[in-house]
Amino acid sequence: MERARAVVTGGAGFLGSHLCERLLGEGMEVVCIDNLLTGNVSNIEHLFGVDGFTFEKYDVTNYIHVPGKVGFVLHFASPASPIDYLELPIQTLKVGSLGTHKALGLAKAKGARFLLASTSEVYGDPLVHPQPESYWGNVNPVGPRGVYDEAKRFAEAMTMAYQRFHGVSTRIVRIFNTFGPRMRAHDGRVVPAFVSQSLAGEPLTVFGDGSQTRSFCYVDDEIEGIIRVLFSEIDEPVNIGNPAEMTVLQFAETIQRLVGSQAPIEFKPLPVDDPKVRQPDISQARAYLGWEPKVSLEEGLRRTIDYFRARL
Ligand code: NAD
Ligand code: UDP
């Protein structure tokens with residue numbers, strides 16, 4: 001039987017590399033396209049020898065040509081950490097807008113199913129808590145984070161337009177804070193920041209008073225949720241994240257305890273428009289996908305700490 005073929009944009013990044021691995025595991029051929037802006041070949045080096053895997057270094061804001069049949073296009077390319085997208089504002093806007101357009105165009109040309117990696121950031125600094133998919137969000141379009149949030153909101157709108165106007169089969173996953181091996185130690189996101197600071201015995205940099213909340217999902221759970229959305233019939237956005245919510249300060253203390261570090265906590269200014277709360281309402285994923293996270297925060301953190309420890 002002919003193998004299904006998937007194109008993964010951003011496939012050399014943190015989530016994209018885990019996704020490539022999983023799709024190969026499902027028996028698919030995988031074409032990974034990435035310009036290595038925030039990703040790294042080291043994330044996919046172990047896949048180069050795997051039958052059916054190919055990598056192309058390419059910027060997907062340009063016309064995307066993939067010869068042959070394609071069954072799935074998964075659009076994961078985008079800077080994703082606040083430091084990255086604040087340093088790369090135009091690239092972030094371009095990959096969310098032009099990149100999504102090109103990836104949708106590829107899906108349309110090939111008759112492929114399209115899946116967009118969207119984000120909890122579409123809810124901005126939410127006024128509804130926890131956040132169900134029906135909430136429209138509270139985003140500052142002209143603040144520094146607007147480059148990411150609005151690019152993803154545009155990407156969702158473009159995806160729905162291709163579904164409604166061109167009849168492309170589309171899926172949208174709203175990903176909430178996900179962590180695990182292959183994050184960059186210095187990408188500025190809170191998990192790699194606290195884990196690497198803690199391992200190095202440096203102070204943990206808590207922004208603001210640390211009372212803002214986040215809900216962290218381990219990468220294996222997130223990928224399982226994404227795969228279920230891909231193969232589901234849900235053509236509206238679905239939240240995939242872990243509802244286990246805690247304050248950033250509690251999170252810092254948890255990491256210190258797991259690492260066994262005596263490093264102090266250092267309070268730093270809160271970044272502009274940093275959301276005060278965030279927690280996914282996953283009723284839809286539970287009801288229609290039978291999905292919920294399985295890996296506890298502590299277990300996920302242990303695996304992540306081991307990964308960073310081996311690299312420091
Ligand atoms: P990442 O930075 O590790 O991966 C993004 C990848 O996209 C990188 O490999 C980068 O080189 C590539 N890329 C960027 N611009 C490109 C372009 N123009 N052409 C080709 N490749 C390009 O980040 P990640 O955490 O793996 O995020 C992957 C996707 O998931 C992103 O779309 C992000 O918005 C989304 N997401 C992630 C999280 C999370 O917690 N990790 C949360 C919400 C949404
Ligand atoms: N944060 C922090 N110290 C750091 C990095 C992040 O206190 O060194 C905070 C940040 O202000 C936010 C939360 O941790 O409230 C999550 O930040 P991250 O950049 O991981 O993702 P976000 O959810 O803000 O996109």
Side-chain angles (χ1 to χ4, degrees), residues 8-20 32-41 43-44 56-62 64 74-86 88 90-100 102-103 116-122 125 145 148-149 151-152 155 173-180 182-184 186-197 203-217 219 222-223 226 239-241 246-249 251-252 265-278 280:
V8 179
T9 76
F14 161 51
L15 288 180
S17 64
H18 286 278
L19 190 61
C20 288
C32 167
I33 307 181
D34 197 300
N35 66 352
L36 305 180
L37 186 63
T38 58
N40 201 300
V41 171
N43 290 332
I44 49 167
E56 197 181 336
K57 184 169 181 288
Y58 189 71
D59 178 345
V60 298
T61 61
N62 301 302
I64 308 170
L74 299 100
H75 183 43
F76 277 68
S78 172
S81 94
I83 292 194
D84 286 344
Y85 57 75
L86 296 182
L88 303 163
I90 314 289
Q91 286 97 324
T92 302
L93 282 158
K94 283 178 73 177
V95 77
S97 55
L98 306 179
T100 303
K102 301 301 178 220
L116 174 69
S118 186
T119 169
S120 53
E121 295 282 340
V122 300
D125 191 4
R145 294 175 84 105
Y148 181 69
D149 304 3
K152 290 289 184 180
V173 184
R174 290 189 181 147
I175 302 169
F176 283 66
N177 296 64
T178 301
F179 71 98
R182 298 193 200 137
M183 294 185 96
R184 273 166 29 237
H186 302 293
D187 81 357
R189 286 186 273 195
V190 70
V191 176
F194 286 177
V195 170
S196 49
Q197 288 163 346
L204 275 67
T205 52
V206 168
F207 297 163
D209 62 4
S211 64
Q212 68 275 30
T213 70
R214 291 294 185 275
S215 309
F216 298 95
C217 188
V219 61
E222 188 67 43
I223 295 293
I226 291 166
N239 288 340
I240 297 288
M246 60 167 69
T247 68
V248 166
L249 190 55
F251 191 62
I265 284 172
E266 188 176 83
F267 292 93
K268 297 262 193 182
L270 189 67
V272 177
D273 293 338
D274 197 288
K276 285 182 266 312
V277 290
R278 181 180 295 153

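Throughout, residue positions are numbered sequentially from 1 according to the sequence presented. Just follow the structure's listing: the first ligand is 1, and inside any ligand the first atom is 1.
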Atom 40 (O) of ligand 1: of Val191, Thr100, Thr178, Val219, the nearest heavy atom sits on Thr178
Tyr148 meets the ring-ring contact (aromatic ring centres under 6.0 Å, His included) criterion, sequence neighbours left out, with Tyr85
Taken in chain and number order and not counting sequence neighbours, the residues that satisfy ring-ring contact (aromatic ring centres under 6.0 Å, His included) with Phe251 are Phe216
Taken to the nearest 0.5 Å, the spacing of Thr61 OG1 from Ile90 CD1 works out to 12.0 Å
Fill in: Heavy-atom side-chain proximity of Arg174 to Val122 below 4.5 angstrom
yes
Per-atom filter on ligand 1: closer than 4.0 angstrom to a heavy atom of Leu37 are 11 (O), 15 (N)
Check: For ligand 1, is there an N or O atom under 3.5 Å from any N or O atom of Ser118?
Finding: no
In this structure, CG of Asn239 is separated from OG of Ser118 (nearest 0.5 Å) by 9.5 Å
Please determine if Pro79 has a nitrogen or oxygen closer than 3.5 Å to a nitrogen or oxygen of ligand 1.
no
Checklist entry - With distance as the sole test, does Thr178 use its side chain to make a donor-acceptor pair with the main-chain N or O of Phe176 at under 3.5 Å? => result yes
Next on the checklist: Under 3.5 Å between any N/O of Gly39 and any N/O of ligand 1: does that happen in this structure?
Outcome noted: yes
Hey, does Ala80 come in under 3.5 Å of ligand 1, counting only N/O atoms on both sides? no
With nothing but distance in play, are any N or O atoms of Tyr148 less than 3.5 Å from an N or O of ligand 1? yes
Min over Arg189, Glu56, His18 of heavy-atom distance to atom 39 (C) of ligand 1 lands on Arg189
of all protein heavy atoms, closest to atom 19 (N) of ligand 1 is Val60 N, 3.0 Å
Check: Going by heavy atoms, is Asn177 under 4.0 Å from ligand 1?
Finding: yes
Residue, atom and distance of the protein heavy atom nearest atom 13 (N) of ligand 1 read Asn35 OD1, 3.4 Å
Residue, atom and distance of the protein heavy atom nearest atom 38 (C) of ligand 1 read Ile175 CG2, 3.7 Å
protein heavy-atom neighbour closest to atom 2 (O) of ligand 1 works out as Thr38 OG1, 2.6 Å
All heavy atoms of Glu266 vs all of Pro203, minimum pair found to be CB-CB, 3.9 Å
Numbered in order shown, the ligand 1 atoms found under 4.0 Å of a heavy atom of Tyr58 are 19 (N), 20 (C)
Any N or O on Thr119 sitting closer than 3.5 Å to an N or O of ligand 1? no
(message) For ligand 1 and Asp59, I'd like to know whether there is a polar contact (N/O to N/O, distance under 3.5 Å).
(response) yes
For the pair Thr9 (side chain) and Ala77 (backbone), establish whether a donor and an acceptor sit closer than 3.5 Å, ignoring hydrogens and angles. yes
**Prompt:** So do Lys102 and Asn62 actually touch side chain to side chain, heavy atoms under 4.5 Å?
**Reply:** no
Atom 3 (O) of ligand 1: closest protein heavy atom, distance to 0.1 Å, is Phe14 N, 2.8 Å
In this structure, atom 26 (O) of ligand 1 is nearest to the protein heavy atom Leu15 N, 2.8 Å
In chain-and-number order, ligand 2 lies under 4.0 Å from a heavy atom of each of Pro82, Glu121, Arg145, Asn177, Gly188, Arg189, Val190, Ala193, Phe194, Thr205, Val206, Phe207, Gln212, Arg214, Val248, Pro271, Asp274, Arg278
- request: Measure the distances from the heavy atoms of Ala12 to every atom of ligand 1 and state whether one is below 4.0 angstrom.
  value: yes
If we only count N/O pairs under 3.5 Å, is Asp34 in contact with ligand 1?
yes
Check your understanding: Which is it for Val219 and Met183 under the side chain to side chain contact (heavy atoms under 4.5 Å, CB included) test, yes or no, and what are the steps along the way?
Key -> CA-CA 10 Å; Val219 61; Met183 294 185 96; over 6 Å; no
CG (Asp149) and CG (Asp125) are apart, to the nearest 0.5 Å, by 10.5 Å
Note to self: Side chains of Ser196 and His186 only: does a donor on one sit below 3.5 Å from an acceptor on the other?
What the structure shows: no
Would you say Val95 has any N or O atom under 3.5 Å from an N or O of ligand 1, going by distance alone? no
Sub-4.5 Å side-chain heavy-atom contact between Phe207 and Val248: no
Take Thr38 and Phe14, measure what side chain to side chain contact (heavy atoms under 4.5 Å, CB included) needs, and give me the verdict at the end. CA-CA 9 Å; Thr38 58; Phe14 161 51; over 6 Å; no
Worksheet entry | Pairwise side-chain contact, Leu249 with Ile265, heavy-atom cut-off 4.5 Å (strictly under) | yes
By salt bridge (charged side-chain N to carboxylate O under 4.0 Å, His left out), Glu121 pairs with (sequence neighbours left out) Arg145, Arg278
Q) Does Lys152, backbone or side chain, put an N or O under 3.5 Å from an N or O of ligand 1? A) yes
Would you indicate whether the side-chain heavy atoms of Val41 and Leu36 approach each other to under 4.5 Å? yes
The atoms of ligand 1 lying under 4.0 Å from a heavy atom of Gly13, numbered in the order shown, are 3 (O), 4 (O), 8 (C), 9 (O)
To the nearest 0.5 Å, atom OG of Ser81 lies from atom CZ of Arg189 at 5.5 Å
Interatomic distance, CD@Gln212 vs OG1@Thr247, rounded to 0.5 Å, equals 8.0 Å
among protein heavy atoms, the one nearest atom 31 (C) of ligand 1 is Phe76 O, 3.2 Å
Ligand 1 to Leu36, heavy atom cutoff 4.0 Å, flagged ligand atoms 11 (O)
In terms of its nearest heavy atom to atom 5 (C) of ligand 1, the top option of Ala151, Ser78, Gly10 is Ser78
